[in-house]
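Let me begin by presenting the structure, written as structure tokens, before commenting on it.
In what follows, chains are A, B, ... by sequence order, proteins preceding strands, each numbered from 1.
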There are 2 protein chains.
Amino acid sequence: MTKARKAILEALKASVQPVTAMMLAKEPSLSYDQATVYRNLHYLEELGMAQSFILHCTEHGTERYYSYRGADCGIHHHWFHCEKCHRFIDLGSCGYDEQMHAWEKKWDFTITDHTFFLTGICSACKA
Amino acid sequence: MTKARKAILEALKASVQPVTAMMLAKEPSLSYDQATVYRNLHYLEELGMAQSFILHCTEHGTERYYSYRGADCGIHHHWFHCEKCHRFIDLGSCGYDEQMHAWEKKWDFTITDHTFFLTGICSACKA
DNA sequence: GGAAAATTTGCGAATGACTTGCAAATTTTT
DNA sequence: AAAAATTTGCAAGTCATTCGCAAATTTTCC
Ligand SMILES: [Mn+2]
Ligand SMILES: [Mn+2]
Ligand SMILES: [Zn+2]
Ligand SMILES: [Zn+2]
């Protein structure tokens with residue numbers, strides 16, 4: 001595992017919030033080329049150490065957000081995103097296995113992935 | 001309501017599957033400028049006559065898909081997308097109001113939107 | 001350990017969906 | 001039907017992400 005790879009993985013692990021490739025690329029403590037960041041995030045996701053989703057927000061446009069998933073290819077999470085302060089709230093581990101199995105049975109398709117997230121205004125920003 | 005607007009709305013209504021702005025712009029029977037298509041899709045969504053979601057597929061990249069939502073601002077739907085034949089399967093109207101209300105209560109945030117879709121291989125493509 | 005092979009990196013240029021400025025055309029208002 | 005308001009087409013711009021390629025790093029093999 002290369003130095004860049006390890007550093008990017010550590011940054012992901014350290015972050016409480018999902019982060020974009022750009023955020024990592026601009027992080028002064030990392031300072032790897034954006035192409036390197038993008039390539040390594042792909043790699044880490046393929047490996048199962050990271051998960052991502054694409055989110056569009058008026059202020060920041062359309063970007064892919066990454067979060068850590070552990071060496072044990074840990075739990076798949078879902079998030080709420082505040083459109084005012086742009087923070088994410090972890091909704092906890094995914095609880096849709098049952099529903100998705102039911103759909104697979106009903107339609108006879110095979111689900112390889114699912115995307116779910118919420119957007120709105122967080123408690124702090126309402127006040 | 002302008003001619004372009006009406007034509008784009010009709011095209012949306014006529015389509016069984018969610019469509020991208022590009023698909024509509026390239027449709028020979030429409031032949032409106034892409035900027036016009038994009039602008040009108042925004043308009044229709046704001047009006048509540050259309051709904052959209054961003055989906056990434058390896059073959060076609062990242063694009064926003066639109067579907068019709070009725071004059072009565074009809075029901076919000078969710079979809080399964082086949083990564084082989086690129087067809088969508090309508091999973092029916094959204095059944096997450098209850099769960100989302102529970103989350104709103106738990107976290108004290110206000111949900112303004114939610115995104116949910118599945119990707120995988122459809123029945124026909126498995127065979 | 002050290003040379004050769006395989007992989008990764010940085011840089012700069014390209015891609016592609018989507019947006020925007022502006023003048024002309026259409027639609028709405030009066 | 002003229003004036004005011006909105007929308008359209010075109011061309012150029014934006015921005016996240018990707019790609020080609022030569023140099024640098026990491027891994028493999030002896
Ligand atoms: Mn945001
Ligand atoms: Mn597809
Ligand atoms: Zn907030
Ligand atoms: Zn299929």
- Item | B:K3 or B:T20, whichever maps to the more 5' nucleotide of DNA chain C | B:T20

- Item | Along DNA chain C (nearest heavy atom to each residue), the more 5'-positioned of B:K26 and A:D33 |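 Final value for this comparison: A:D33.
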
Between [X] and [Y], is there shared hydrophobic-cluster membership here, with clusters defined by ILVMFWY side-chain heavy atoms closer than 4.5 Å?
X      : Y     : answer
B:L118 : B:Y65 : no
A:L55  : A:Y68 : yes
A:V19  : A:M22 : no

- Task: Could you list where the contact with chain A starts and ends along DNA chain D, reading 5' to 3', using a 4.0 Å heavy-atom cut-off?
- Result: D:dA16 to D:dT27

- Interface residues of residues 76-84 of chain B with DNA chain D (non-hydrogen, below 4.0 angstrom): none

- Strictly below 4.0 Å, heavy-atom distances to any atom of DNA chain D: list the hits from residues 4-13 of chain A, or just say none.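 Residues of residues 4-13 of chain A under 4.0 Å from DNA chain D: none.
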
- Please list, by residue number, the residues of residues 35-46 of chain B whose heavy atoms come closer than 4.0 Å to an atom of DNA chain C; answer none if no residue qualifies. B:A35, B:Y38, B:R39, B:H42

- Give, ordered by number, those residues of residues 51-71 of chain B having at least one heavy-atom distance below 4.0 Å to an atom of DNA chain C; if nothing qualifies, reply none.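 Those residues are B:T62, B:E63, B:R64.
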
For residues [X] and [Y], report the shortest heavy-atom separation together with the two atoms involved.
X      : Y      : value
A:R69  : A:A50  : CB-N, 3.9 Å
B:I75  : B:S93  : CG2-CB, 2.9 Å
A:K84  : A:C125 : CB-SG, 3.7 Å
B:F109 : A:L91  : CZ-CD2, 4.0 Å
B:A4   : B:T36  : CB-CG2, 4.0 Å

- Taking atom types as modelled and ignoring hydrogens, do the side chains of B:Q51 and B:H76 form a donor-acceptor contact shorter than 3.5 angstrom? yes

- Task: Answer yes if the side chains of B:H78 and B:H114 hold a donor-acceptor pair under 3.5 Å, and no otherwise.
- Result: yes

Would you indicate whether the side-chain heavy atoms of [Y] and [X] approach each other to under 4.5 Å?
X      : Y     : result
A:W79  : A:F53 : yes
A:L24  : A:L41 : yes
A:C122 : A:R87 : yes

- Item | Backbone N/O of B:D108 and side chain of A:K126: donor-acceptor pair under 3.5 Å | yes

- May I ask you to decide if B:T119's main-chain N or O and A:T112's side chain share a donor-acceptor pair within less than 3.5 Å?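 Yes; at least one donor-acceptor contact below 3.5 Å.
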
- With sugar-phosphate meaning primed atoms plus P, OP1 and OP2, does B:M22 contact a base, only sugar-phosphate, or nothing at under 4.0 Å between heavy atoms? sugar-phosphate

- Message: As a quick check of understanding, evaluate side chain to side chain contact (heavy atoms under 4.5 Å, CB included) for B:M23 and B:E63, giving each step before the final call.
- Response: CA-CA 11 Å; B:M23 289 173 179; B:E63 283 185 290; 5.6 Å; no

- Task: Start with the C-alpha distance between B:F116 and B:Y96, add both sets of side-chain angles, then the distance that settles side chain to side chain contact (heavy atoms under 4.5 Å, CB included), and finish with yes or no.
- Result: CA-CA 10 Å; B:F116 178 73; B:Y96 292 108; 4.0 Å; yes

- Message: Would B:K13 and B:E10 count as a side chain to side chain contact (heavy atoms under 4.5 Å, CB included) here? Give the steps.
- Response: CA-CA 5 Å; B:K13 193 192 292 193; B:E10 287 309 310; 3.9 Å; yes

- Secondary-structure stems for DNA chain C, with pairs counted as Watson-Crick or G-U when both distances are under 3.5 Å and runs at least 3 long: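 Result, WC/G-U stems under 3.5 Å: C:1-30 with D:1-30.
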
